[in-house]
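Data first, discussion second: the structure below is written as structure tokens.
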Amino acid sequence: MRRAIIPAVLLIFLWLLSCQKDNISYSPSLNISFSSDTVLFDTVFTTIGSATRHFKVYNNNQSDVEISSIRLAGGESSPYRINVDGEPTTHARDVLLRSKDSLFVFVEVNVNPTSQNAPMLIADSLVFNTNGNMQDVKLVSWGQDVHLLNSVGLTGANVFTADKPYLIYNYLYVAEDGNLKIEEGAHLHFHNQAQLVVDGTLEVDGAPENAVVFQGDRLEEFYRDKAGQWGGLWFRAGSHSNSMNWAEVKNAILGVVVDTFAIPDSPTLTMHNTRVENMSAIGLYARGAIVEAGNCLFANAGQTAVALTMGGKYRFYQSTIANYWGQYTNRKGPALLLNNYYTYKDTITENTMLETRDLEEAYFVNCIIYGSRDSELEIDNIYQGQAVDAQMNYLFENSFLKAGQDFDLSNEDYFVDVFNENPLFKEPFENNYELDTLSPAMDIGLYEVAAQFPVDLNNVSRLDDDGPDLGAFERVEIE
């Protein structure tokens, strides 16, 4: 008997539902409202679309309403596309919106290639017709034409100018016999995982107010400081005579990778006036290379800001190496790592093999090496409890260094006028490594070193006050 009652109750419930009528009002006095009257996109590169934006539509009335039309004013020719409550369309009809309810509208834009080099305004409207009332939400974005490069190899002499951005998919490769010169103001944008790979020579010739920028291809505000968006720059073994002046490398996985030098006693890479910031793994990753860096910033990396590994020769002048990573996950490594060996597995015996490489020189002067860990310097020359049979030569001079208790900063074989003090950056967790007004790193730099780099990364003179400051930024006092 109980089995018969349950279906009967269910049938009655379904019948009551079927008898319910929509409480729809067609009064022209009713309006709907929106969470925003404008949907604004950042600059969108041609052909690749954009991130999706959304807004909400509200019915704050006591009655249900039927939105008879939601359409793009530009119709089928509009570069925008919409999705209304889960349905992709350019024109939605008869959309029921219950009293005190809301619905989502998603918007994306795709920009066709143009002959314009400057950003162009792209505008449209999403028009709503409710009971004869016309309301709209503005759609606004800027489209930018680009040089689109997909798995491109370069040989011979090549020049990239600043006429319009370069968008790289997969890789941009400079062959062994190739040379790529990038002029001031050029912007190179890399799609997910894409890299610039150099077997030949790269020359980056930026200017103080017009740097060359390497970054990902997502320009929305959300991605402004998101690391790991692209692969990075890779100078492979044999690459030579590379230079970067007034450049910015940001938001990659490995910012700048430099492999074994090709020409003895000649830098594989010279970096002057360059920022390498916000990498998900390592900022500068040198592997048995020769690198010279002056007036540079290496900051904010998920593992290590600067890793000088497998030996090599390195000189850092008037630079800041800072790591306060912690926005996404805890950091694994120090701001600065020095290493003189590596291990690999023999493919025949499957034994782990040790290969040692002399660290001939690692010299830091007028520098700041600091961060959020207890110690921001790691010397890695111990394997299985024993020091490896390779040179480990390093010297810090007239610098601030956050070193742990294992380091004796009075040992002048490695440390000369080195201070384990907080340099008092302005806002290091906001990626601002300028010096605060009370910084003890002010005015104590060696003049002869600072004179080689007379302006800081903000193009401010180091030589106009009581003395040059340590690091890549000169403190300017406002009178």
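Heavy-atom basis, side chains included; hydrogens, waters and symmetry copies ignored.
- Under the salt bridge (charged side-chain N to carboxylate O under 4.0 Å, His left out) criterion, Glu434 pairs with Lys426, sequence neighbours left out.
- The CD atom of Glu108 sits 5.0 Å away from atom OG1 of Thr52, with the distance rounded to the nearest 0.5 Å.
- Remark: the backbone N or O of Thr268 is paired with a side-chain donor or acceptor of Asn242 at under 3.5 angstrom.
- Rounding to the nearest 0.5 Å places SG of Cys367 at 10.0 Å from CG of Asn398.
- The structure places NE2 of His189 at 11.5 Å from NE2 of His147, a figure rounded to the nearest 0.5 Å.
- In terms of heavy atoms, Phe298 sits closest to Met271 at CE2-CE, 3.9 Å.
- By the 4.5 Å heavy-atom criterion applied to side chains, Trp142 and Phe41 are not counted as neighbours.
- Annotation: Asp413, atom CG; neighbour count of heavy atoms from other residues, nucleotides and ligands within 6.0 Å is above 12.
- For the atom pair CZ (Phe425) and CG (Asn431), the distance works out to 11.5 Å, reported to the nearest 0.5 Å.
- Listed for the Thr304 side chain is no donor-acceptor partner under 3.5 Å among the backbone atoms of Val306.
- Residues passing the side chain to side chain contact (heavy atoms under 4.5 Å, CB included) test with Asn179 are Lys181, Thr201, Glu203, sequence neighbours excluded.
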Derivation of the salt bridge (Lys or Arg N to Asp or Glu O under 4.0 Å) call for Arg236 and Asp199: CA-CA 6 Å; Arg236 301 207 303 183; Asp199 276 351; 2.8 Å; yes
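- When side chains are defined from C-beta on, Phe55 counts as touching Leu126, because their heavy atoms get closer than 4.5 Å.
- When all heavy atoms of Met279 and Trp325 are compared, the pair lying nearest together is O-CZ3, 3.5 Å.
- Residues passing the ring pair (Phe, Tyr, Trp, His ring centres under 6.0 Å) test with Tyr173: none are found, sequence neighbours excluded.
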Chi angles and distances behind the side chain to side chain contact (heavy atoms under 4.5 Å, CB included) call for Val44, Val111: CA-CA 7 Å; Val44 180; Val111 185; 3.9 Å; yes
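- Within the 4.5 Å cutoff, side-chain heavy atoms of Leu121 are placed close to those of Val140.
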Verdict with supporting geometry, Tyr166 and Phe160, ring pair (Phe, Tyr, Trp, His ring centres under 6.0 Å): CA-CA 8 Å; Tyr166 295 79; Phe160 282 8; 4.1 Å; yes
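- Looking at residues two or more places apart in sequence or on another chain, you find a ring pair (Phe, Tyr, Trp, His ring centres under 6.0 Å) between Phe106 and His54, Phe104.
- Looking at Leu409 and Asn420, their side chains come closer than 4.5 Å, going by heavy atoms from C-beta outward.
- With sequence neighbours excluded, the residues satisfying ring pair (Phe, Tyr, Trp, His ring centres under 6.0 Å) with Phe415 are Phe396.
- Nearest heavy atom pair, residue Met392 against residue Leu338, reads CE-O, 4.0 Å.
- Qualifying ring pair (Phe, Tyr, Trp, His ring centres under 6.0 Å) partners for Tyr394, counting only residues two or more places apart in sequence or in other chains: Tyr414.
- Of the inter-residue distances, the one linking Gln391 atom CD with Thr356 atom OG1 reads 10.5 Å to the nearest 0.5 angstrom.
- Using a 3.5 Å distance cut-off with no hydrogens or angles, the side chains of Ser372 and Arg331 do pair a donor with an acceptor.
- The shortest side-chain heavy-atom distance between Asn295 and Arg462 falls under the 4.5 Å cut-off.
- With sequence neighbours left out, the salt bridge (charged side-chain N to carboxylate O under 4.0 Å, His left out) criterion links Asp464 to no other residue.
- Proximity of a side-chain donor or acceptor of Asp436 to a complementary backbone N or O of Leu424 within less than 3.5 Å is not detected.
- The aromatic rings of Phe429 and Tyr324 sit perpendicular to each other, their planes meeting at more than 60°, with 30° as the lower class boundary.
- Tyr344 has its side chain out of reach of Asn351: every pair of non-hydrogen atoms, C-beta onward, lies at least 4.5 Å apart.
- Side-chain contact between Leu202 and Phe235 is present, with at least one heavy-atom pair separated by less than 4.5 Å.
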Check against side chain to side chain contact (heavy atoms under 4.5 Å, CB included), Leu337 and Leu308: CA-CA 6 Å; Leu337 168 68; Leu308 309 179; over 6 Å; no
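- The main-chain N or O of Met310 is found under 3.5 Å from a side-chain atom of Asn339 such that the two form a donor-acceptor pair.
- Side-chain atoms of Leu188 and Ile182, non-hydrogen and from C-beta on, do get closer than 4.5 Å to each other.
- Heavy-atom contacts from other residues, nucleotides or ligands closer than 6.0 Å to CD of Glu448 number more than 12.
- A parallel orientation is assigned to the rings of His191 and Tyr169, their planes being inclined by less than 30° (bins at 30° and 60°).
- Rounding to the nearest 0.5 Å gives a distance of 9.5 Å between OH of Tyr223 and CG of Asp217.
- The number of heavy-atom neighbours closer than 6.0 Å to CD of Glu176, taken from other residues, nucleotides and ligands shown, is 12 or below.
- Pro454 is linked by a side chain to side chain contact (heavy atoms under 4.5 Å, CB included) to Leu463, counting only residues two or more places apart in sequence or in another chain.
- Annotation: ring pair (Phe, Tyr, Trp, His ring centres under 6.0 Å) contacts involving residues 440-465, sequence neighbours excluded, comprise His272-Phe453.
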Tabulate below the donor-acceptor pairs under 3.5 Å that side-chain atoms of residues 72-80 make, not counting sequence neighbours, or state none.
unit_1, atom_1, unit_2, atom_2, d
Glu76, OE2, Thr90, OG1, 3.1
Ser77, OG, Gly74, O, 2.8
Ser78, OG, Tyr80, N, 3.1
Ser78, OG, Asp124, OD2, 2.6
Tyr80, OH, Ile122, O, 2.8
Tyr80, OH, Ser141, N, 3.3
Tyr80, OH, Ser141, OG, 2.9

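- Shown here for Pro440 and Pro423, the closest heavy-atom pair between the two residues is CD-O, 4.0 Å.
- Residue-environment remark: CG (Asp389) stays at or below the threshold of 12 foreign heavy atoms within 6.0 Å.
- The one candidate from Val174, Asn170, Leu172 that meets the side chain to side chain contact (heavy atoms under 4.5 Å, CB included) condition with Val152 is Leu172.
- Closest non-hydrogen pair, Ala305 versus Ala322, comes out as CB-O, 4.2 Å.
- Among pairs with a residue in residues 310-319, those fulfilling side-chain hydrogen bond (donor to acceptor under 3.5 Å, both in side chains) read Asp265-Lys313, Arg315-Tyr317, Arg315-Glu361, Gln318-Asn366, at least two apart in sequence or across chains.
- Of all the heavy atoms in Phe473 and Arg275, the pair that sits closest is CE2-NH2, 3.7 Å.
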Please table the atom pairs, donor to acceptor, closer than 3.5 Å between any side-chain atom in residues 243-251 and protein atoms at least two apart or in another chain.
unit_1, atom_1, unit_2, atom_2, d
Asn245, OD1, Asn273, ND2, 2.7
Asn251, OD1, Asn278, ND2, 2.6
Asn251, ND2, Arg224, O, 3.1

